Amino acid sequence: MNEFAKTWWKESVVYQIYPRSFQDSNGDGIGDLQGIISKLDYLAFLGIDVLWLSPHFDSPNDDNGYDIRDYYNVMEEFGTMKEFDLMLKRLQKNGIKLIIDLVVNHTSDEHRWFRESKSSHDNPYRDYYIWKEGVEKGRPPNNWPSFFGGSAWEWDEASGEYYLHYFGKKQPDLNWENPKVREEVYDIMRFWLDKGVDGFRMDVIPFISKHQDFLDIPEDSLNHPEFIYASGPRLHEFLEEMNREVLSKYDTMTVGEAFGVTEECTQLMTDERRNELDMVFLFDIGRIGRENWRQNEWTLPQLKAMFNIQSEVGNFHWPTQFFNNHDNPRSVSKYGNDSPKYRETSAKLLAMLLLTQKGTPFLYQGEEIGMTNYPFTSLDQFDDIEVKGNIDKVLKSGASPEEFLQELNKTSRDHARTPMQWNKKPNAGFSGGEKSWLSVNPNFEIINVESNLNNPKSVFHFYRQLIEIRRNSTDLIYGDYFDIDPGHTKVFAYTRAGIRFTYLIMLNMSDSMVKYQVRFEFQDYELLLSNIPTTPNKISTNYIELQPWEARIYKSKPITNRVEYE
Ligand code: ISL
Ligand code: CA
């Protein structure tokens with residue numbers, strides 16, 4: 001039996017909002033804070049505990065806010081600080097906590113620090129960023145690539161040096177070796193915590209410590225530089241300092257975006273006996289089968305193996321669970337089946353998977369109504385800097401535009417960023433203006449919040465029910481995870497064994513009916529919820545028939561001989 005220490009963030013269900021695409025309140029085609037405020041009742045009804053807001057700070061939007069110009073101001077298009085405060089107050093009134101996005105591996109090149117830094121070699125801000133001479137004229141300091149295409153070094157003619165940017169060239173990396181930079185970051189954190197936010201999602205946090213030898217990375221790592229970038233020597237020292245200086249003084253929840261980390265690094269970052277972060281987002285599940293912009297085949301046993309690794313972290317680590325965010329395609333299109341026949345059933349199955357695993361679940365806007373990928377028909381429809389920045393490289397590498405388009409239809413970040421589908425009105429009710437900043441998915445007349453709310457059997461209500469079940473069951477939150485059948489290629493069957501109850505979850509993740517042999521003592525189990533109306537209340541034989549994408553959760557009778565949680 002496990003001995004997890006109880007905390008509020010382990011018991012929370014988190015919902016991520018990408019403000020640009022959530023709800024536009026003034027008709028300019030861009031989502032905003034008033035838009036979010038107008039939907040808080042909806043979020044409260046869904047039953048979420050924590051809201052994670054993607055960057056809301058002043059930004060020139062080269063990477064939709066992940067390029068911050070001023071950490072102490074709200075993005076003009078999103079609203080004002082007053083509106084932020086109002087949103088926070090309304091959230092608190094609804095019992096919803098708020099975590100914000102801390103993007104401090106880099107800033108915008110329009111940030112005052114960078115403008116100063118660039119202005120001359122002896123400017124006091126020069127060392128806020130990473131400047132280096134080229135190896136020779138016209139050749140950057142090393143071969144480090146940017147995730148958004150080309151070299152990670154940008155030449156600055158005026159000062160005769162290159163600056164480092166792991167992402168776009170308008171996203172220069174901060175120099176965390178400089179203690180003043182770290183102090184600035186801690187000040188920013190205090191400012192928002194003192195306002196009342198409850199924590200942070202930390203953008204590409206493992207990248208903050210740079211290898212100071214600045215050596216070339218091996219050729220075979222060039223397609224995946226994240227593994228090198230995430231292995232800087234001072235990461236844990238910096239996180240420990242941040243925790244000591246800031247986090248330890250507040251009751252917060254922190255989740256680091258752990259891009260490129262090893263298992264060992266994850267262990268160190270999230271060990272409750274150390275003082276770094278509470279949780280991290282791992283990339284294995286979300287990026288299963290991914291090879292940069294390509295999506296390859298993957299199998300259910302491979303997916304289960306990843307859940308198993310996450311659950312084996314031990315009692316001093318707490319995982320996160322998520323299928324969607326603003327950087328990934330829609331889960332029902334990737335792990336489910338988004339054809340009209342199975343979309344709703346498979347979206348509900350994924351809801352059950354997400355909400356009955358061990359770890360804090362993170363939902364992403366639109367997931368709760370089963371929103372799907374967008375049917376892109378040409379390369380110029382993409383908005384994302386990741387696509388635009390890499391297009392030349394991809395086509396030069398020999399891929400045809402058709403192939404690139406076909407793969408982007410499975411992998412692009414823009415699938416997650418199309419506007420939230422609220423109703424059947426123009427722009428899906430996202431905006432009352434002429435045009436939304438990114439096209440609305442043409443399926444909005446079928447897939448939208450209004451029709452979900454009106455139908456008690458909808459994907460939305462299924463999420464709501466599961467959130468409710470989870471909230472009322474400590475055992476489902478803290479109970480042990482056991483994969484009953486790791487090798488089965490269609491059925492994902494597992495238990496969550498708590499102090500008083502054991503839950504049995506059976507998911508048929510395939511398009512075919514499966515006659516499944518239950519390898520479990522099931523006599524005392526009763527059905528709690530399923531996504532197919534004909535599911536029997538009790539398991540009565542050794543073999544059960546699971547319909548395509550059928551998902552069931554059973555609950556045991558109370559068990560009396562188990563020890564309490566700490
Ligand atoms: O995998 C990726 C790069 O190949 C991206 O999807 C993503 O850039 C990566 O996961 C890091 O993500 C975070 O930092 C980026 C920002 O563009 C993403 O939106 C953010 O989530 C730079 O801040
Ligand atoms: Ca707006």
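Because the structure is a prediction, the values reported are computed rather than measured. Atoms within each ligand, like the ligands themselves, are counted from 1 in listed order.
Closer than 3.0 Å to the Ca ion (ligand 2) sit the protein N, O or S atoms D24 OD1, N26 OD1, D28 OD1, I30 O, D32 OD2.
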Trace of the salt bridge (charged side-chain N to carboxylate O under 4.0 Å, His left out) decision for R417 with D383: CA-CA 10 Å; R417 300 176 178 187; D383 171 83; 5.7 Å; no

Apply salt bridge (charged side-chain N to carboxylate O under 4.0 Å, His left out) to residues K169 and D109 and explain how you reach the verdict. CA-CA 8 Å; K169 60 178 175 222; D109 66 338; over 6 Å; no

Let me see the working for R20 and E77 under salt bridge (charged side-chain N to carboxylate O under 4.0 Å, His left out), right down to the final yes or no. CA-CA 9 Å; R20 204 170 190 75; E77 293 160 321; 3.4 Å; yes

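A salt bridge between R190 and D187 is present, with a side-chain N of the basic residue lying under 4.0 Å from a carboxylate O of the acidic one.
Aromatic ring centres of H165 and F148: separated by at least 6.0 Å.
Applying the ring pair (Phe, Tyr, Trp, His ring centres under 6.0 Å) rule to F430 yields no partners; only residues at least two apart in sequence or on another chain are considered. For Y129, the side chain to side chain donor-acceptor pair (under 3.5 Å) test picks out T107, with sequence neighbours left out.
E161 pairs in a side chain to side chain donor-acceptor pair (under 3.5 Å) with only one of the listed residues (K132, K118, R126), which is R126.
The cationic group of K39 does not satisfy the cation-pi geometry with F22, failing either the under 6.0 Å distance to the six-membered ring centre or the 45° limit from the ring axis.
Taking a heavy-atom cut-off of under 4.0 Å, ligand 1 is surrounded by D63, Y66, H106, F147, F148, F167, R201, D203, V204, E257, F259, F283, R287, H326, D327, E386, R413, R417.
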